[in-house]
Amino acid sequence: MTPEKILFYVFATILVLSATMVITRRDPVHSALFLVLAFFTSAILWMLLEAEFLAIVLVLVYVGAVMVLFLFVVMMLDTNKAAMRAGFVKMMPVGLIVAGVMAFEMFLIVGPQYFGLDKFAMPAPHPADYSNTEELGRVLYTVYMYPVEIAAVILLVGIIAAIGLTMRKRPDNKSLDPSEQVKVTKGPDRIRVVKMASEIKQEAK
Amino acid sequence: MDLFLDILWIIVKIVAIVLPLMLCVAYYTLAERKVISYMQVRIGPNRVGPRGSLQPIADAMKLMCKEIILPKSANKTLFLIAPMLSIGPALAAWAVFPFDEGVVLADINAGLLYLLALTSIGVYGVIIAGWASNSKYAFLSAVRLGAQVVAYEIAMGFSLVVVLIASGSLNLGEIVMAQQGGWGFLNWFWLPLFPIFIIYFVSGVAETNRAPFDVAEGESEIVAGFHVEYSGMTFAVFFLAEYANMILISALTAIMFLGGWLSPFHGIPVLGALFDWIPGFIWLLLKTLVVAFLFLWFRATFPRYRYDQIMRLGWKIFIPITIVWIVVAGFAVVV
């Protein structure tokens, strides 16, 4: 076995185990953290395929940003574990049937008969100066120019829609507008000078 | 056998990077205390060793001897994993850092991306610490820092994109070489990319959770934030990670905007010839120290930002400026 093969099996095992933990752990925070581990390990598998750009971007975007926000939400949930497990036995047959059907369908579409070295040739190892980032950029901005731009516009629309849905002025919101705050002058709108007679010194009794 | 020797050689190199780094971290804490005390007209630590020079060693000894307290209702495993998750990325990031021309542990062609990815996963340590402590102060701090880091990471990423456009490479060594020219320090990226230089450094200060962006530790509001339940060595590891990150940000600022190991006078008549014999590593060290000093200067001079203004600065000011500069830099490179 070559060292790459050993590494692949080690990380593939970790990936499958952590993915299993995501769905079996009772605590949602643990599940989210195992999902982070699963992302990280799959990034390593991509790295073994010499796709370093995709691998690092997976860590950067999914582990570094998406999962942080996801973890936030999960941490703030007040999960009632007893209520979540209620009716487990009653629901189990239905769940098992659904899971079985899904597993069968997946076997039909992505079963072992579609994979193997005879279907996909082994990727040739690239020379040391090969840059996956450059190649990807070249393809994205030449061959797939329009799909990239359309995808970007769709994402932008999604962002605007999400902001539009959450933008609302709450009457109890006490936030201040800094540009209004810095506008104040030293003039009459802040200070009022009051003229008054000086106090008369009181005689000691 | 060859593989084994290769791995051994890599481990030797890692030790050669991490040991001096840890020493730098230790003395950076002393420098911080000394610099801030002189700025506040105090003397600072002066009891252990001559002029307090052995203070970091004493601190380390004290922290190592202290008991590690596990809170009763804490999630024990995650509570202990959190400090490791926070120092791991801080040290791993140094793998792609070039100390001189060609002197680098891993000369990978996506070095900049790797750094960005590692600095972005450093926040997990804090978030997990905040949650696993099962304490309200710690949790509030984790939430604060998470939102802050995600906001400033975008500005930081975009400023790195500008550097990438200007240098045409993701490799840190090539970024430094792209700044070489006939005018010495006027060729470095700080001048053509001045707003980006400022934004990168300020985002770096916010990412490392330092004053004036240290709301995650805000002593007056949430005691000490995410490490309020930590003691002894577990606390020290968080401390090490924070200072290692500060040194990393300083060194990266020096690499990307201040010409890395290049001499500031290279190419300038008389001065250039006078200073060209100094090894590049010394220049890099000097530049890093200058930027690292700024961190301390900030802490001594600026009051803490209000939280909504931190968010406003990140989302509404830095990100638009960086997006505009991506376009400007793109035009400048193409035309």
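Chain identifiers are assigned alphabetically (A, B, ...) following the order of the sequence lines, protein sequences preceding nucleic acid strands; residue numbering begins at 1 within each chain.
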Strictly distance-based, threshold 3.5 Å: is any side-chain N or O of Thr41(A) a donor or acceptor partner for the main-chain N or O of Leu15(A)?
no
At a heavy-atom separation under 4.5 Å, does Leu33(A) approach chain B through its side chain, its backbone, both, or neither?
side chain
Who wins among Val123(B), Leu113(B), Ile154(B), Asn75(B) for the most heavy-atom pairs under 4.5 Å with chain A?
Leu113(B)
Expected output: side-chain Tyr307(B) to main-chain Arg144(B) donor-acceptor under 3.5 Å:
yes
By a 4.5 Å heavy-atom criterion (distance strictly below it), what part of Leu118(B) contacts chain A: side chain, backbone, both, or neither?
neither
Mind ranking Ile127(B), Thr119(B), Thr77(B) by heavy-atom pairs under 4.5 Å with chain A and telling me who comes out on top?
Ile127(B)
Counting heavy-atom pairs under 4.5 Å with chain B, the top scorer among Val68(A), Val59(A), Val57(A) is Val68(A)
What residue, out of Leu71(A), Ile56(A), Val61(A), has the most heavy-atom pairs lying under 4.5 Å from chain B?
Ile56(A)
Taking every heavy-atom pair that is under 4.5 Å apart, which of Ile128(B), Val150(B), Val143(B), Leu78(B) has the most such pairs with chain A?
Val143(B)
Measuring centre to centre across the rings, with the benzene-like ring taken for any Trp, is Tyr152(B) within less than 6.0 Å of Phe213(B)?
yes
Does anything in residues 311-335 of chain B form a ring pair (Phe, Tyr, Trp, His ring centres under 6.0 Å)? List the pairs, not counting sequence neighbours.
none
Does a side-chain heavy-atom distance below 4.5 Å link Asn134(B) with Pro71(B)?
no
Tell me if the centroids of the rings in Tyr230(B) and Phe79(B) come within less than 6.0 Å of each other.
yes
Need one label for Leu170(B): side chain, backbone, both or neither, based on atoms under 4.5 Å from any heavy atom in chain A.
side chain
